[in-house]
Amino acid sequence: MKAVELARNYDPKDFEERIYDEWKKKKEFAPVDSEKEHFSVVMPPPNVTGILHMGHALNNSLQDIIVRYYRMQGRPTLWIPGTDHAGIATQNVVERQLQKEGLRRQDLGREKFVERTWQVKEKHHDIIKKQLEKMGCSCDWDRERFTMDEGLSRAVREAFVTLYERGLIYKGKYLVNYCPKCGTALADDEVEYENIPGKLYDVRYPYADGSGYITVATTRPETMFGDVAVAVNPEDERYTSVVGKELLLPLTDRKIPIITDSFVDKEFGTGMVKITPAHDPNDWECGRRHNLEAINLLNPDGTLNGNVPEKYRGIMAEEARKLVVEDLEKGGYLVKTTDHAHDVGHCYRCHTTVEPYLSEQWFVSMKTLADKALDAWRKGDIVFYPRRWENTYVHWMETIRDWCISRQLWWGHRIPVWYCQDCGKMIVSRDDPSECPECHSHSLKQDEDVLDTWFSSWLWPFSTLGWPEKTSDMSSFFPTNTLVSAYDIIFFWISRMIMASEEFIGQAPFKDIVITGLVRDIQGRKMSKSLGNGIDPIEVIDKYGADAMKFTLCYLAAQGQDVMIDMDSFRLGSRFANKIWNATRYLLMNIEGRNLVEISRDKLNTMDRWIYSRFNAAAAEIASAMENYRFNEAAQTIYSFFWNDFCDWYIEASKGKLLHGSDEEKDVQVSILMDILEKSMRLMHPFLSFITEEIYQKLPNHKGDVIVAEYPHFDSSLEDKDADALVSVLQEAARLVRAARSNLQIAPEKKLRVVVRIAKDNPAAAFMKEEAGLLATFMSASSVSIDTDGTEDVKGALPATGLGFEAFVFVREAIDVDAEIRRLQTEIEKNEKLLEGSVKKLSNENFITHAKPEAVEKEKSKKAEFEDKIAKSREHIELLKSF
RNA sequence: GGAGGAUUAGCUCAGCGGGAGAGCGCUUGCCUUACAAGCAAGAUGUCACAAGUUCAAUCCUUGUAUCCUCCA
């Protein structure tokens, strides 16, 4: 064979893009038919509002690892990519653009505005797709979907109409969360509460008959114009006599009654609260219990409307508060003002204060859906990794409230409801109706509102596969296997997907739910645009490569813990990739003039059997790690196998043969090295996809592309516990001698003679004899002789004790005897402490009788080992003293 | 108020009842014919605190403290 030359430096830019194009061209991301079980994953669709951040990089890296792993198992594997239209978020982006041009969306009109939003969508979509490609995501682009594409829009209508037909969707006038800036209603989950400092105002409400006044406490005095009562707790004895009396609402001429309701907290303020059904959720409930009117004070833009006295009209609520307080003070109604921190809801998209707002909206009745979703969990159809998230899921399902799904936006799926302009008939339909079924009028008007974004994303695991059509993808790939998502959208998305899937299809949309942590900066802060502490995945790829990014994230992503990183963190993956590159470069230099030969088991020596055994153990560990979605463990296994076992020991050990062996020995050695290298590329491919493909195709023994090669699995015939044990003795001996040399600062070029004393019946004795030359290399020794009958003269040699053997290094003048004796004495103390522990355990009746027999046996051998080491150290001190 | 997480080396964090680990950083010595983005050797721990269970606890239970999330 001819040597293969690899570039001197690992530079991912040389091949990552080229390799991705090849994969794409060969359609290697598409599922390949086979007898084996299908495997599918849907990508959580990124919003088309911007570019991908580090959280997406983590999420998609893990999915890519999973998908590549199962694809290499030979299963028909599908990973569906796509994007989300992200209703409010995207509309806000476009509105901000317009604002810069001095325009509002109303100036454009609905049609033009939506057209423009599509352009923004296209632009961002292209960026996102490019980013996913740069990351190396092996998703099937031919099946890419968008939440507003034709098929998914059909799915949305199907879902809406079906739920309506089942009586699970209704329209009504309720108090909803409303963002005045976005101009739309929000679902309860879309409100973020923040504890902010505010004021508590104590206000006098005089009795209508002029017989005095009572005092109520409120944080929002401007809503007093919507007051319809004052309530006290029925148990509150202070107020029993005044219940039923009428009050005169200050700054107005309206009279309101004092009522009782048990929701009133006696301890809060004066124990009297004003009831404003249209502007507070608790008051709304109270108002319904008492049949009270709800007086809405707000316009859709957040300003006060005609239901307040003229001077406050048209003013934003928060502004009006100051005026009202001023006027209350002037009128002598304000008793006092105290500081009071309270939770205020904010819009999760624009962070504006959310107002409870009385309006007509569409709702999904959630109870039935939640019950089915809970059942799916109880039956074990879905499993969270880590399990603890199941509590969160169950709690949310059990306390669920109806879902407000209508949004007063233009960007999104129009609600499939039409109203006959002539007879007022409401038509809920899968297809656009042309005439009224009641009066046959053609004058129909579609509902102005659009649906909540999540109303399309909750269908994602099956709408992307073609539902409601009965497609072959649907029958092959549904339900999907694994969903990977961060914990911040368990409610918004994961829970709702399970509900939708159970409701429309009757089974869970996926089995395993992998919850990742969030990516934070090195100070633990969430990465965000406003803090400017985000790391752009593309910058990471430009600096270190996609493999370095994926491997590092995988290595750090432990069990749903948040990941704290900075730019330098990625050096971990980068160095590893560099190591792989250089090891390969070295090995491929050495195939020059060699022939690959069949590697039969009987040609293997102990070192060879050891590296196969280590490889095999790594494969087993990875399988179990992947089974349990312990990505960091898989990454660590790969790292230590390739770097420590393969590079530091096996390749180093093979160098002697490559230099000085016979042609036949060289051929065998090269063949084994190539075999391990080839297998390693397959083992590592899911985690470092580009570099393994680039290398794989250059290997003399490769077959096809690694992306579709067979994944190495545990093979019991390769397991070799004897070789493991023997090599670990060799390693210990090498380490002991190296340490001794290093302690004495003996220059590497100074080769010293070493005697290893080991009992004849020790199983490692023969192996040490056989590999004495190798030992010498590892020890930088001039020669190593193995003394099995204790006859060699070791006078003047520095001793060291290993498990079952002693090593003597002939150091002569290089040694500081006193310092060595001190070191040995510390060694003795350490071992005496350990021995004491062992003896204590073994003299404990309870331990002997209760502990597992293996544990007792192990303890016994530990005791012997400590005793032996102490004895040896004592002998060695004597030896040193005789110098 | 409810739920969950975290507390292990200087930093970031793994850890599976039975002799405390990794990466980075630090110290020392090496440009050993793949890699100085490397090799070799080292130093650094009351495993937050307190009880309990157990023959045996960093690990299980309970409580306490500090920090962080989510929900109401």
Side-chain angles (χ1 to χ4, degrees), chain A residues 6 8-10 188-189 192-193 281 343 386-392 394-396 399 401 487-488 490-491 517-518 520 522-526 544 548 552 555-566 568-569 571-590 624 628 630 632-633 635-636 639-640 643-644 647-648 651-652 655 658-659 734-749 777-780 830-831 833-835 837-838 840-852 854-859 861-863 865-866:
Chain A
L6 240 50
R8 187 162 186 87
N9 294 308
Y10 161 65
D188 293 332
D189 309 288
E192 289 173 349
Y193 291 90
D343 292 329
R387 293 298 286 260
R388 65 184 136 87
W389 290 109
E390 291 176 11
N391 293 331
T392 310
V394 170
H395 182 257
W396 186 78
T399 57
R401 283 170 296 174
Y487 56 72
D488 54 350
I490 292 182
F491 304 140
L518 303 179
R520 296 173 180 278
I522 211 77
Q523 291 164 46
R525 298 174 306 182
K526 210 166 160 175
Y544 296 113
T552 304
Y555 190 96
L556 298 176
Q559 298 290 296
Q561 288 299 328
D562 288 352
V563 184
M564 292 201 223
I565 46 161
D566 60 10
D568 283 348
S569 306
R571 283 162 62 195
L572 169 68
S574 173
R575 285 182 189 189
F576 185 46
N578 184 60
K579 186 74 185 178
I580 296 170
W581 185 261
N582 276 297
T584 307
R585 192 162 80 90
Y586 167 74
L587 294 177
L588 289 180
M589 272 163 39
N590 277 288
S624 126
N628 297 295
R630 292 166 172 259
N632 60 324
E633 288 179 14
Q636 281 166 35
Y639 189 93
S640 69
W643 199 317
N644 302 131
C647 291
D648 292 347
I651 293 182
E652 287 307 319
K655 281 182 175 172
L658 289 185
L659 280 172
R735 283 196 187 105
L736 279 171
V737 174
R738 282 169 176 176
R741 295 181 57 112
S742 182
N743 285 338
L744 301 170
Q745 306 212 348
I746 299 165
E749 64 269 18
T777 314
F778 281 137
M779 293 169 170
S780 309
K830 188 185 102 192
N831 281 312
K833 238 177 239 163
L834 291 168
L835 177 64
S838 267
K840 211 170 130 195
K841 264 190 196 174
L842 288 165
S843 59
N844 182 346
E845 272 306 306
N846 286 322
F847 175 68
I848 304 290
T849 48
H850 293 273
K852 286 176 290 187
E854 307 94 85
V856 177
E857 277 315 303
K858 198 174 166 200
E859 204 54 49
S861 61
K862 272 197 286 188
K863 175 172 168 272
E865 181 194 331
F866 299 143

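All values reported here derive from a predicted model rather than from experimental measurement. So that the names make sense, note that chain A is the first sequence line, chain B the second, and so on, each numbered from 1.
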Touch class at under 4.0 angstrom, heavy-atom based, for A/Ala739 against every strand present: sugar-phosphate

hbond_proxy A/Lys840 side chain to B/A56 base (donor-acceptor, 3.5 Å cutoff): no

Pairwise P distance, B/G19 and B/A36 [rounded to whole Å]: 40 Å

A/Arg741 vs A/Met779 side-chain heavy atoms within contact, under 4.5 Å: no

Below 4.0 Å: OP1/OP2 of B/C35 and any side-chain N or O of A/Arg8: yes

Euclidean distance, atom CH2 of residue A/Trp396 to atom C1' of B/C71 [Å, nearest integer]: 12 Å

Phosphate OP1/OP2 of B/C39: any A/Lys579 side-chain N/O under 4.0 Å: yes

Sugar-phosphate only, base, or nothing, as touched by A/Asp568 at under 4.0 Å among non-hydrogen atoms: nothing

Atom C1', compared across B/G42 and B/A50: separation rounded to whole Å: 36 Å

Integer angstrom distance from the P of B/A48 to that of B/A14: 14 Å

Candidate nucleotides B/A34, B/A72, B/G15, ranked by approach to the side chain of A/Met589 - the nearest: B/A34

Touch class at under 4.0 angstrom, heavy-atom based, for A/Arg387 against every strand present: nothing

Sugar-phosphate, base or nothing in reach of A/Phe576, heavy atoms under 4.0 Å: nothing

Span that lies between the P atom of B/C16 and that of B/A20, in whole angstrom: 15 Å

Donor-acceptor pair present, A/Glu652 side chain and B/A34 base, under 3.5 Å: yes

Nearest-angstrom distance, C1' atom, B/A9 to B/U46: 14 Å

Backbone of A/Ser569 reached by a side-chain donor or acceptor of A/Asp566 within 3.5 Å: yes

Pairwise P distance for B/C71 and B/U62, with rounding to whole Å: 25 Å

Any A/Arg735 side-chain nitrogen or oxygen under 4.0 Å from OP1 or OP2 of B/C39: no

Distance, rounded to the nearest Å, where A/Lys852 contributes NZ and B/C16 contributes C1': 11 Å

Close side-chain approach of A/Asn632 to A/Arg630, heavy-atom, < 4.5 Å: yes

Sugar-phosphate, base or nothing in reach of A/Leu572, heavy atoms under 4.0 Å: sugar-phosphate

Minimum-distance nucleotide to A/Phe491 side chain [options: B/A34, B/G4, B/C71]: B/C71

Note, A/Tyr586 side chain near A/Leu658 side chain (heavy atom, < 4.5 Å): yes

Atom pair distance, as rounded to whole Å: NE2 in A/His395 and P in B/C71: 11 Å

Separation of the P atoms in B/U54 and B/C49, to the nearest angstrom: 23 Å

Residue-phosphate contact under 4.0 Å: A/Lys841 side-chain N/O, B/A56 OP1/OP2: no

Qualifying residue for side-chain contact (heavy atoms from CB on, under 4.5 Å) with A/Tyr10, from A/Ile580, A/Thr584, A/Asn582, A/Asn578: A/Asn578

Heavy-atom side-chain proximity of A/Val856 to A/Lys852 below 4.5 angstrom: no

Sugar-phosphate, base or nothing in reach of A/Glu857, heavy atoms under 4.0 Å: nothing

Nucleotide B/G45, atom C1' - distance to NZ of A/Lys830 in whole Å: 15 Å

Phosphate OP1/OP2 of B/C24 contacted by A/Arg575 side-chain N/O (<4.0 Å): yes

Under 4.0 angstrom between A/Trp643 side-chain N/O and B/C39 OP1 or OP2: yes

Residue mapping more 5' on RNA chain B - nearest nucleotide basis, A/His850 or A/Leu659: A/Leu659

Atom pair distance, as rounded to whole Å: CG in A/Asp648 and C1' in B/A34: 12 Å

Length of the CG-P vector between A/Asn582 and B/U33, whole Å: 14 Å

Sugar-phosphate, base or nothing in reach of A/Asn578, heavy atoms under 4.0 Å: base

Separation between the C1' atoms of B/A65 and B/C26, rounded to whole Å: 32 Å

Rounded distance in Å - CG (A/Asp562) to P (B/U7): 12 Å

RNA chain B base-pair string [pairs: Watson-Crick or G-U under 3.5 Å; |: paired with another strand]: (((((((..((((....[..)))).(((((.......))))).....(((((..]....)))))))))))).

Residue A/Tyr586, side-chain atoms from C-beta onward, closest of B/G18, B/A3, B/A34: B/A34

Atom pair distance, as rounded to whole Å: CZ in A/Phe847 and P in B/G17: 17 Å

Check: A/Gln636 side chain, B/G15 base, donor-acceptor under 3.5 Å: no

Given RNA chain B, 5'-ward residue of the pair A/Leu834 and A/Asn9, judged by closest heavy atom: A/Leu834

Check: A/Asp648 and A/Asn644 side chains under 4.5 Å, non-hydrogen atoms: yes

Donor-acceptor contact below 3.5 Å, side chain A/Ser742 vs main chain A/Arg738: no

A/Arg388 side-chain N/O to B/G4 phosphate OP1/OP2 under 4.0 Å: no

Sugar-phosphate, base or nothing in reach of A/Glu845, heavy atoms under 4.0 Å: nothing

Spacing of NZ belonging to A/Lys858 relative to CD belonging to A/Glu854, to within rounding of 0.5 Å: 10.5 Å

Sequence-distant partners of A/Tyr544, ring-ring contact (aromatic ring centres under 6.0 Å, His included), two or more places apart: none

Non-hydrogen side-chain atoms of A/Tyr555 and A/Val563 separated by less than 4.5 Å: no

